[in-house]
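Worksheet for the structure shown next.
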Amino acid sequence: MTSATSFLFVAIHLACIRAGNFSETFVELECKEEYHGVYGQQSLLECIVKAVQNVTILTVTWKRVGGDAILLEYHKHENASALGYKFAMPSWNNKNMNVSLLLTNTKMADKGVYECMVRTDSGDATVTMSLSVTAMYKSPTMSSSPENCIKQNTDVTIFCNTTGGHQKGLIWWFDEFGTNCTGSAELVAKKTDDTLFSLSSKLTILKATYSGSTNYSCTVHNTNGVQEGKASFEIPFVCSAVGVIGSLIIGLLAALLILKRRSVQRARRQSTLPLMRDSGHPTDRHHDDEAEGKVILTV
Ligand SMILES: *[C@@H]1O[C@H](CO)[C@@H](O)[C@H](O)[C@H]1NC(C)=O
Ligand SMILES: *[C@@H]1O[C@H](CO)[C@@H](O)[C@H](O)[C@H]1NC(C)=O
Ligand SMILES: *[C@@H]1O[C@H](CO)[C@@H](O)[C@H](O)[C@H]1NC(C)=O
Ligand SMILES: *[C@@H]1O[C@H](CO)[C@@H](O)[C@H](O)[C@H]1NC(C)=O
Ligand SMILES: *[C@@H]1O[C@H](CO)[C@@H](O)[C@H](O)[C@H]1NC(C)=O
């Protein structure tokens, strides 16, 4: 058989199947072949009943292929569903052709093949579709040790941490000049539960200085190398704003304390005032106060 005739055979064969199917079914289910879910989020398996005329739905059954348990069912005017599964349409009724299934909190174990079966007063339809589930790493958080007020020429360790991936991911490091420093970093991956990982990578910078790179970035990648998150971190050579405000408050408190101590001294002195008046220097105390005021202001 030449390739041209074999093509013709295949084409005729396909045409027959199409025509056959079309003449037999008045009702079809339109769903995608593949759906992609994300761990911890909702997943929608969208299926719409298509019919040439108005139909009334008699039963809807959603289940996993290879599993006996029914996830969602409409039968004899009653809905039944397993925990975490429901009609995607909020108040679905049997005139509603949108029979989509909603998984309210997708788990890694929800990955698999699903089957939707619909019976109507004008025919039946069954369709299968697959659901894949991925879990993405969250945007990383960065910190350093020492945390703050780092002195020049001291060693600094920078951390880049993230959680949430379902496979052991990677963390890459770059300095502010774009140099890849991943080689000097140490990555620790841990399973946080049965399925998810946490990653912590630490990069130690020996004798960090202003003249070198002071801004480091880390990127999180899944096992396929696809970037899922990025963060950057400036080495905290100067004390942070919180530190500055903190020392201002301490300074203020110290000033208040001095003020209070002075007023106590003044009170003591006032009790000896009559004697001083007699000695003929009535303005001395006033000058004293002014001097004290200046001292306090310059604290
Ligand atoms: C189908 O149903 C709609 C709304 O229920 C109605 O307006 C329409 O006339 C019906 N069509 C047929 C062919 O029965
Ligand atoms: C079916 O219902 C779901 C949930 O309301 C909605 O997200 C989806 O777009 C609907 N599909 C169609 C084709 O109307
Ligand atoms: C990152 O992980 C390390 C080691 O577990 C920890 O010492 C550090 O505090 C963490 N940093 C952040 C920002 O979570
Ligand atoms: C950075 O370095 C790591 C480890 O050496 C390597 O796997 C990665 O491909 C590098 N990334 C880039 C963008 O050069
Ligand atoms: C550090 O570098 C990143 C880009 O690599 C930049 O987006 C960020 O603004 C820089 N941070 C500071 C504080 O300069």
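Below, all heavy atoms of this structure are taken into account, side chains as well, without hydrogens, waters or symmetry copies. Both counts, for ligands and for their atoms, begin at 1 and track the order of listing. Residues: numbered from 1 along the sequence shown.
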Practice prompt. Assign the ring pair Y210 / F237 to parallel, tilted or perpendicular, where the plane angle (0 to 90°) is split at 30° and 60°.
Written response: tilted

Discussion item. Taking less than 2.5 Å as the test, are the sulfur gamma atoms of C31 and C47 close enough?
Written reply: yes

Practice prompt. Pull out every atom of ligand 2 sitting under 4.0 Å from any heavy atom of N98, numbered as shown with elements.
Written response: 1 (C), 2 (O), 3 (C), 8 (C), 10 (C), 11 (N), 12 (C), 14 (O)

Worksheet item: For E186, does the CD atom have more than 12 heavy-atom neighbours from other residues, nucleotides or ligands under 6.0 Å away?
Response: no

Item to complete: Kindly state if atom 11 (N) of ligand 5 has a protein heavy atom within a strict 4.0 Å cut-off, that is, under 4.0 Å?
Response: yes

Worksheet item: Does some non-hydrogen atom of E234 fall short of 4.0 Å from ligand 5?
Response: yes

Worksheet entry | From L71 atom CG to W62 atom CH2, the distance as rounded to the nearest 0.5 Å | 9.0 Å

Worksheet, complete the sentence: Numbered in order shown, the ligand 2 atoms found under 4.0 Å of a heavy atom of I48 are 11 (N), 12 (C), 13 (C)

Worksheet item: Can you find a heavy atom in the side chain of C116 that is under 4.5 Å from one in the side chain of T61?
Response: no

Item to complete: Provide the number and element of each atom of ligand 2 under 4.0 Å from a heavy atom of A88.
Response: 4 (C), 5 (O)

Response to the item:
In ligand 2, the atoms that come under 4.0 Å of a heavy atom of E46 are 8 (C), 9 (O), 10 (C), 11 (N), 12 (C), 13 (C)

Worksheet item: Okay, side chain of E30, backbone of I48: is any donor-acceptor separation there less than 3.5 Å?
Response: no

Item to complete: Using a strict 4.0 Å cut-off to heavy atoms of M89, name the atoms of ligand 2 that fall inside it.
Response: 1 (C), 2 (O), 5 (O)

Worksheet, complete the sentence: When distances are taken from atom 7 (O) of ligand 4, the protein heavy atom at minimum range is W172 NE1, 4.0 Å

Practice prompt. Give the residue and atom name of whichever protein heavy atom lies nearest to atom 4 (C) of ligand 5, and the separation in Å to one decimal.
Written response: S217 OG, 4.3 Å

Item to complete: Considering only non-hydrogen protein atoms, determine which one is nearest to atom 5 (O) of ligand 4 and report residue, atom name and distance to 0.1 Å.
Response: T182 CB, 4.5 Å

Discussion item. Under a 3.5 Å distance rule, please check whether T120 uses its side chain to pair with a backbone N or O of D124 as donor and acceptor.
Written reply: no

Discussion item. Looking only at protein heavy atoms, which one is nearest to atom 1 (C) of ligand 4, and what is the separation?
Written reply: N180 ND2, 1.5 Å

Item to complete: Under 4.0 Å, heavy atoms only, figure out whether ligand 2 is touched by the backbone of L44, its side chain, both or neither.
Response: side chain

Fill in: Close aromatic pair by centroid cut-off 6.0 Å: Y216 and F174
no

Discussion item. Looking only at distances, can you tell me whether any N or O atom of N215, backbone or side chain, sits closer than 3.5 Å to an N or O atom of ligand 5?
Written reply: yes

Worksheet entry | Backbone of W173 reached by a side-chain donor or acceptor of T182 within 3.5 Å | yes

